[in-house]
Structures are given as C-alpha cells and as structure tokens.
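Reckoned from all heavy atoms, side chains included, excluding hydrogens, waters and symmetry mates.
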Amino acid sequence: MASSLAQDRDKTVTGYPAQPGQVAAGYPHGSGYPYAIPPPPTYSTTYQPGPTRYYQRIDGPSLLCRLITAASVVFAIIGLIFFITWLVLKPHLPEFRVDSASVSSLNATGTELTATWDFTLFVRNPNHKLRINYDSVEATVLYGDDVRLATSRLPPFLQETKNETRVQFQLAARSEYVGEDVVKRVSGERAHGSVNFGVTVYAWIRFRSGIWRMRQHLLKVYCDPVSMGFSPNNATGTLLGQSRSCEVDFANAPQVMMYLALALASSQNSLLGTKSSVRNSGCQCLIRGIIVESNYVVQTA
C-alpha cells in the first residue's frame, strides 16, 4: 500500500509542470529541468564598441575660389563707392545754345555749294561740384537731316563749376558737291527769305571732381533748325529771332561708330587733299571726302 502511494506520487502527467520535489518522467533524479520558473536572463554591463565607421574628408575651398570671392568683394565695394559718389555729386549735362550765326557768300549752282558760316555757341556747366573736360570737339553744319556741308575740329577746353563759355568758330565749304536736288532746295528757300541749317557738335567729355573722374562719354549737341534770313539778291544771311537752344545727350552706340568712321575718313581725305562731300542717313554713310577751312575762338567767362 505504501509502495503504491510512492509510485503514484512519482508519476507526472505529461504537459504539466512538475511539482516541487518531483522529476519529470524519463529523466534521472536530480537532473530534470524544472518547468516552474525559467532562469532570469543575464545582461552584460561591459561596454561593447560598435563597428568602426569611416568618413570621407571634405577639403575647404580652393585657392582659386578664395581669390574669385575676394576679387568680387573688392569690385562690389568699389562699385558701391562710385555709385554713392555719383549720387552725391549728381552730374548734369552741359547746356548749349546758338547765340549768333551768320552765313556769307552763299552760292548754290549746278550741283555744288559754296558758303562760309560763323557761329557763336554758348556753353554752360550747371554742376556745382563737377568740372567738365571737353576733348576732340568737332562741329558740323548740316542742311536737312542727311547733308553735311562742312565740318571742322575745335580746340579742347575745360569748364570749371558753374562756368559759362562762348565758343566762336567758322566753317567754310568751297564748291562742295551736294547734288542738284539740294541746290534747288537751298535756292528756293533763299528766294523766300530764309534758309534752315543745322549745327551738330560732338565732343568726348569727362566729369571731374578732385581725384574722382568719370569715364569719357561721347556728347552729342544738336541745334536745328538754325534759320538764316536773307535780303533779296543778297548772299549774306543772319540768324532770325533770338538764340536757339540745342538738344544735348550722350551719343548711342551707332552714333559713336558713325562718328569714329567719319572722323577717320575725314583725316584720311585731309591727308590726300581730296575735295568732295559727305552724306549720311541714319547709320548708313556715303563718304566721298571732305575739305573745309575753319577759324575758331574760345572765350571763357
């Protein structure tokens, strides 16, 4: 009876945890794995270093990039200084007007024209802080919009601040070829008592104030019409009305190119001693050579 109870106590139903002090069937005593509580997990407190990572080294900006950056900064600062100076000084274009004008010995026959013009231009510098330097000054008398009758170079001059200057010059054309149509128009206008001429002045100018100076610009002065009154059967005409104001502006790129081309042609033809005329319309020029006689006087107030 006692042995049967001991055997029943040692029997364990498969799938249930063993009671304390029991061993699962089929395992030796003392070597069975208890099903009641699994052993707690163990954690290591020792620092385990992670995998070594390699990073690509990024170099700083190259020497060329630094030089470009430095140059850009310097140019920006210089440009800002010039812009501020421009705003402070406020350059204004000079003022021109025709104070007096006359033409003598006007003779237009066939296809040629002969005449002598005398002009006095009033030039004023309206700037309070800037001087104006005029260089390579060239004056031309025109008929209509495209016929250059005579042209000549004038001496350079300098205008101080708030200065007024009178420039006197004379242009002459002898038997200048102008074409039959121009001769008829000039003769017809003179018969009616007046002939309209035009005067243009080109000059390279530069504004200056102390050590500051602006780059050169080609100045264009256009005075049109300059009306000359004639008495019947008289070849001498004088300016009608009061002084004539002129339009003043910087020449645009096509006008600069035309000016340079005409100046070059004039100098070459003067060396060759040829006698002819120049016609121009817009940006197209027909150059046949120029010969003129001129006298000029510059008076500064």
What ring pair (Phe, Tyr, Trp, His ring centres under 6.0 Å) pairs are there with at least one residue in residues 220-243, not counting sequence neighbours?
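Residue pairs passing ring pair (Phe, Tyr, Trp, His ring centres under 6.0 Å), neighbours aside: none found.
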I need the full list of salt bridge (charged side-chain N to carboxylate O under 4.0 Å, His left out) pairs touching residues 94-108, with sequence neighbours left out, sorted by first then second residue.
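As it turns out, the salt bridge (charged side-chain N to carboxylate O under 4.0 Å, His left out) pairs with a partner in residues 94-108, which skip direct neighbours, are E95-R124, R97-D99, D99-R166.
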Considering all heavy atoms, the nearest [X]-[Y] contact:
| X | Y | value |
| --- | --- | --- |
| L93 | P126 | O-CG, 3.4 Å |
| T109 | V183 | N-CG1, 3.8 Å |
| V226 | A101 | CG1-CB, 4.0 Å |
| V103 | A115 | CG2-CB, 4.0 Å |
| L121 | V201 | CD1-CG2, 3.7 Å |
| T120 | Q168 | OG1-CG, 3.5 Å |

Using a 4.5 Å cut-off on heavy atoms from C-beta on, say whether the side chain of [Y] contacts that of [X].
| X | Y | value |
| --- | --- | --- |
| K220 | D249 | no |
| I205 | N133 | no |
| V98 | C246 | yes |
| T116 | Q170 | yes |
| S194 | L240 | yes |
| V123 | Q159 | yes |
| P94 | N125 | no |
| T111 | V182 | no |

For Q216, I'd like to know if atom CD has over 12 heavy atoms of other residues, nucleotides or ligands within 6.0 Å.
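Yes, because the 6.0 Å sphere around CD of Q216 holds more than 12 heavy atoms from other groups.
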Test side-chain contact (heavy atoms from CB on, under 4.5 Å) on M228 and F197 and set out the steps.
CA-CA 8 Å; M228 305 285 192; F197 296 100; 3.7 Å; yes
Distance, nearest 0.5 Å, that separates [atom1] of [X] from [atom2] of [Y]:
| X | Y | atom1 | atom2 | result |
| --- | --- | --- | --- | --- |
| D145 | D224 | CG | CG | 7.0 Å |
| E247 | T200 | CD | OG1 | 12.0 Å |
| R208 | L130 | CZ | CG | 11.5 Å |
| S187 | L113 | OG | CG | 8.5 Å |
| T140 | R153 | OG1 | CZ | 10.5 Å |
| N196 | L142 | CG | CG | 12.5 Å |

Test of understanding: with ring pair (Phe, Tyr, Trp, His ring centres under 6.0 Å), list the residues that count as partners of F96, not counting sequence neighbours.
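Once residues adjacent in sequence are excluded, F96 has no partner under the ring pair (Phe, Tyr, Trp, His ring centres under 6.0 Å) criterion.
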I'd like to check the ring pair (Phe, Tyr, Trp, His ring centres under 6.0 Å) partners of Y134; sequence neighbours left out, ordered by chain and number.
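Only F157 meet the ring pair (Phe, Tyr, Trp, His ring centres under 6.0 Å) criterion with Y134.
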Can you list the steps and then say if E180 with K184 is a salt bridge (Lys or Arg N to Asp or Glu O under 4.0 Å)?
CA-CA 6 Å; E180 184 177 355; K184 289 182 179 179; 3.4 Å; yes
Name all residues meeting the side-chain hydrogen bond (donor to acceptor under 3.5 Å, both in side chains) criterion together with S245; count only those two or more places apart in sequence or in a different chain, and write none if there are none.
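If we apply the side-chain hydrogen bond (donor to acceptor under 3.5 Å, both in side chains) test to S245, skipping adjacent residues, there are no hits.
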Can a side-chain donor-acceptor contact be found between N127 and T161 if the only test is distance below 3.5 angstrom?
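Note: T161 and N127 side chains miss the donor-acceptor criterion.
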When you check the side-chain N and O atoms of T165 and N163, is any donor under 3.5 Å from an acceptor?
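Indeed, the side chains of T165 and N163 share at least one donor-acceptor pair under 3.5 Å.
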Do V248 and L154 sit in the same hydrophobic cluster, where Ile, Leu, Val, Met, Phe, Trp and Tyr count as joined when their side-chain heavy atoms come under 4.5 Å apart?
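Yes; L154 is reachable from V248 via cluster members.
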Is Y202 reachable from W204 through a run of hydrophobic residues whose side-chain heavy atoms are each under 4.5 Å from the next?
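Same hydrophobic cluster.
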Short question: side chain of R190, backbone of P232 - any donor-acceptor pair under 3.5 Å?
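Checked: no pair found.
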Which pairs count as disulfide bond (SG atoms under 2.5 Å apart) when at least one residue sits in residues 97-136, sequence neighbours excluded?
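Residue pairs with at least one partner in residues 97-136: there are none.
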